[in-house]
Amino acid sequence: MTGGDVTREQLVNNGLSRYHSVQLTKLLKSRGRKGRAFTYSVRDVIQEARLYLERPRVKKTSRQSISQVVEVLSASLGNVVTVNFGLPAQELGLSSLARSAVEAM
C-alpha cells in the first residue's frame, strides 16, 4: 500500500468486508486508477471511516475491523510530513535554513 492512495481491494486485504470497503469509498472521489481498480486518498478514507464509526447502529465486529483499518492506514501516513504551503516562508523558517545551508558551503 502506498502512502497516499488505497484501493478497495487493499482495504479488504487489511480486514474490511467487501461491503464496508464499498461503504467507506462510495462517496469519495477517486484519485486515479491502479490497474482496473480505482484509488482513493488514504486521508479521505480515514476521515470517512471515522464518520462511519460515529453511527449508532454499527455492530461491534464491524467497529473492530474498521478501527483496525484506520490504525493501519494512519500508520502508513506516519512517515509523511505535511507542509502548510499557505504560510509565508518567514513563519516556516525556510529563509534561516536556506541561509545556514549556503553558509555551510
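The first residue in the sequence is number 1, and the count goes up from there.
Residue Y19 is grouped with residue L16 when hydrophobic side chains (ILVMFWY) are merged at heavy-atom distances under 4.5 angstrom, including chains of intermediate members. V69 and L27 are assigned to two separate hydrophobic clusters, defined by single-linkage of ILVMFWY side chains at heavy-atom distances under 4.5 Å. Hydrophobic clustering (side-chain heavy atoms under 4.5 Å, transitive across Ile, Leu, Val, Met, Phe, Trp, Tyr) groups V6 together with L28.
Rounding to the nearest 0.5 Å places NZ of K26 at 9.5 Å from CD of E48. Residue Q47 holds its CD atom at 13.0 Å from CG of L73, rounded to the nearest 0.5 Å. T61 contributes atom OG1, which lies 9.0 Å from atom CD1 of I66 (distance to the nearest 0.5 angstrom).
The nearest pair of heavy atoms linking S21 to V12 is OG-CG2, 3.7 Å. S65 approaches G15 most closely through the heavy-atom pair CB-O, 3.7 Å. For T25 against R8, the heavy-atom pair with the smallest separation is OG1-NE, 2.6 Å. H20 and S62 get closest at one heavy-atom pair: CE1-OG, 3.2 Å.
Around CD of E9, the count of heavy atoms belonging to other residues, nucleotides or ligands within 6.0 Å does not exceed 12.
In this structure a side-chain-to-backbone donor-acceptor pair under 3.5 Å is missing from S67 to Q64. Using modelled atom types, no side-chain atom of T7 and backbone atom of A37 make a donor-acceptor pair closer than 3.5 Å.
Within the 4.5 Å cutoff, side-chain heavy atoms of I46 are placed close to those of S74. Side-chain contact between K34 and D5: absent, with no pair of heavy atoms (C-beta onward) separated by less than 4.5 Å. T39 has its side chain out of reach of R33: every pair of non-hydrogen atoms, C-beta onward, lies at least 4.5 Å apart.
Every residue was checked against the ring-ring contact (aromatic ring centres under 6.0 Å, His included) condition with F38, not counting sequence neighbours, and none meets it.
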Identify every side-chain donor-acceptor pair in residues 51-58 under 3.5 Å, counting partners at least two apart or on other chains, and give the distances.
none

